[in-house]
Amino acid sequence: MNILVTGGAGYIGSHVVRELIGTKNNVVVFDNLQKGHRDAIKGVTFVEGDLNNKELLDKTMKKYDIDSVIHLAADSLVGESMENPSKYYTNNVCSGLNLLNSMVENNVKYIVFSSTAAVYGEPKSIPITEDNETKPTNVYGETKLMFESILKRYDEAYGIKYMSLRYFNAAGAHISGEIGEDHNPETHLIPIIMQVALGQREKIFIFGDDYDTKDGTCIRDYIHVTDLANAHILALEALESENKSNIYNLGNGEGFSVREVIDMVEKVTGKSITREVSGRRPGDPAVLIASSEKIIKELGWKPRFDSLEKIIETAWKWHSNNPKGYDE
Ligand SMILES: NC(=O)c1ccc[n+]([C@@H]2O[C@H](COP(=O)([O-])OP(=O)(O)OC[C@H]3O[C@@H](n4cnc5c(N)ncnc54)[C@H](O)[C@@H]3O)[C@@H](O)[C@H]2O)c1
Ligand SMILES: O=c1ccn([C@@H]2O[C@H](COP(=O)(O)OP(=O)(O)O[C@H]3O[C@H](CO)[C@@H](O)[C@H](O)[C@H]3O)[C@@H](O)[C@H]2O)c(=O)[nH]1
């Protein structure tokens, strides 16, 4: 199979590409490098381009005779989406539509889509199953839910089969320490705490300690990026063998508060982490914990990094070996 990976030079995408390289598939990465890194996908066929460039998308589909797409390219920051919704509707919905239209026109039948726990909003019950109500509390989650609706209609009308993977919080780095998370500016919790551990930041701000949780800080379900990547391969295989669309959650099924994550980084790194409570970040739900039973049962997905400690150990290996990230 010839697989196009949009956003393949980004954090999760580069880990997906790493896992795909070990399969019999040919991989082509399509990325505009707004956040991605060429060094994260060394030796991989690469097209530098933006999803808003339909002509280039069409050309790429034809040139590489693409059979399936893994679509990770998006803007994905909860806070930013509340301040600049236009950026999110434009990139995550309009530019994404170019990709789907190019698939239709070039007879590409399968897509694995990076959706998110943010489609649920404040969940009605925990752990969250796929049939939980979807009522996003932020623009980012709303754009992902809109794209899921579009996928459903494109399946009905054009026969494009999709797997929508609703990731919870991706974390950690490849076990080799060769690729990892590198965003500039960094906004994600674990890499920011790592920057404090490395002496690059003075302290971590805790966004709110007045939530209705055990210690007042937000609770999230952290899933290792390689476990996440492997789920894409299972999803692709299922699409090809069963020709049926589906939606799956991906998390570890355990929630950790912001304070617990900071404490775990202290334990793993042996460094003391200065923290200060600041105000809530708009759009943040209090608790997000996944039930991943459906993908475990139906696709045989098995997470290897099933504890926060193991996940943070891999993150520390990457950040301590690459304190400046890819340093491009
Ligand atoms: N990180 C998480 O915890 C998390 C959780 C749930 C869902 N997701 C989703 O997973 C996907 C990947 O997330 P990530 O954390 O790796 O983000 P990332 O920013 O590291 O990767 C996204 C990649 O897409 C590229 N890109 C963005 N817009 C593009 C465009 N218009 N054309 C071409 N390339 C473009 C960027 O350059 C980047 O390389 C996103 O769709 C995100 O919404 C992430
Ligand atoms: O400096 C910081 C950064 C974050 N947080 C908190 O830490 C938690 C995790 O935040 P972050 O790492 O920014 O991730 P989320 O906002 O939970 O979003 C991630 O996880 C979502 C799925 O749950 C994905 O959809 C998003 O793309 C991805 O960025 C949240 O409660 C934040 O409020 C802080 O307290 N201080």
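Owing to the predicted nature of the structure, the values given are computational and were not obtained by experimental measurement. What you see below is based on every heavy atom in this structure, not just the backbone, and it leaves out hydrogens, waters and symmetry mates. Atoms within a ligand are numbered from 1 in the order they appear, just like the ligands themselves.
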Taking only heavy atoms of [X] into account, list the atoms of ligand 2 that are under 4.0 Å away from them.
X	answer
I192	1 (O)
T187	3 (C), 13 (O)
L288	23 (O)
Y140	24 (C), 25 (O), 26 (C), 27 (O)
F205	1 (O), 2 (C), 34 (C), 35 (O), 36 (N)

Looking only at heavy atoms of [X], does any of them come nearer than 4.0 Å to an atom of ligand 1?
X	value
S115	yes
H183	yes
A171	no

Looking at [atom], what's its closest protein heavy atom, distance included?
atom	value
atom 6 (C) of ligand 2	V258 CG2, 3.8 Å
atom 25 (O) of ligand 2	T116 OG1, 2.4 Å
atom 32 (N) of ligand 1	L51 N, 3.0 Å
atom 12 (C) of ligand 1	L72 O, 3.7 Å
atom 29 (O) of ligand 2	H188 NE2, 2.7 Å
atom 3 (O) of ligand 1	A170 N, 2.9 Å
atom 37 (O) of ligand 1	D31 OD1, 2.7 Å
atom 35 (C) of ligand 1	N32 OD1, 3.2 Å
atom 15 (P) of ligand 2	N169 ND2, 3.6 Å
atom 10 (O) of ligand 1	Y167 CE1, 3.2 Å
atom 1 (N) of ligand 1	I12 CD1, 3.6 Å
atom 31 (O) of ligand 2	C218 CB, 3.0 Å
atom 28 (N) of ligand 1	N91 ND2, 3.0 Å

Hey, is ligand 2 close enough to [X] that some N/O pair sits below 3.5 Å?
X	result
Y167	no
F207	yes
A117	no
L189	yes
Y222	no

If the threshold is 4.0 Å, N to carboxylate O, is there a salt bridge linking [X] and [Y]?
X	Y	result
K87	E80	yes
D67	K109	no
E254	R220	no
R166	E130	no
K152	D155	no
D58	K54	yes
D263	R275	yes
R201	E186	no
E156	R153	yes
K214	E260	yes
R18	E178	yes

Looking at ligand 1, does any of its N/O atoms fall within less than 3.5 Å of an N/O of Q34?
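Right, the criterion is met.
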Which part of [X] is near ligand 2, with near meaning a heavy atom under 4.0 Å away: side chain, backbone, both or neither?
X	result
I190	neither
R220	side chain
R281	side chain

Suppose we call two aromatic rings close when their centres sit under 6.0 Å apart. Are [X] and [Y] close by that rule?
X	Y	value
H188	Y11	no
F113	F147	yes
Y326	W318	yes

If you take all heavy atoms of V119 and G141, which pair is closest and at what distance?
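Nearest heavy atoms, V119 then G141: CG1-O, 3.8 Å.
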Compare [options] and give the one whose heavy atom is closest to [atom].
atom	options	value
atom 21 (O) of ligand 1	G36, G10, S76	G10
atom 33 (O) of ligand 2	D209, I262, D284, L77	D284
atom 22 (C) of ligand 1	A74, G13, G141	A74

Please identify which of these residues, H319, H174, H224, meets the side-chain hydrogen bond (donor to acceptor under 3.5 Å, both in side chains) condition with T314.
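Of the listed residues H319, H174, H224, the side-chain hydrogen bond (donor to acceptor under 3.5 Å, both in side chains) partner of T314 is H224.
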Only one of K294, E293, E298 forms a side-chain hydrogen bond (donor to acceptor under 3.5 Å, both in side chains) with Y248, so which one is it?
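The option that passes is E298.
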Compute both the distance and the angle, then confirm whether R280 meets the cation-pi test with Y211: under 6.0 Å from the six-membered ring centre, within 45 degrees of the axis.
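Yes, R280 lies over the aromatic ring of Y211.
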Pi-cation contact, Y110 with K161 (under 6.0 Å, within 45°)
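K161 over Y110 ring: no.
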Does one side chain, of [X] or [Y], offer a donor that lies under 3.5 Å from an acceptor on the other?
X	Y	value
T217	D209	no
Y88	E142	no
N249	Y167	no

At less than 4.0 angstrom from any non-hydrogen atom of [X], what atoms of ligand 1 do you find?
X	value
L33	37 (O)
K35	19 (O), 36 (C), 37 (O), 38 (C), 39 (O)
K144	40 (C), 41 (O), 42 (C), 43 (O)
S114	9 (C), 10 (O), 11 (C), 41 (O)
Y11	15 (O), 16 (O), 20 (O)

Region of F168 that comes within reach of ligand 1 [heavy atoms, distance under 4.0 Å]:
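Answer for F168: backbone.
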Proximity of R166 to ligand 1 by residue part, where a heavy atom lies under 4.0 Å
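None of R166 does.
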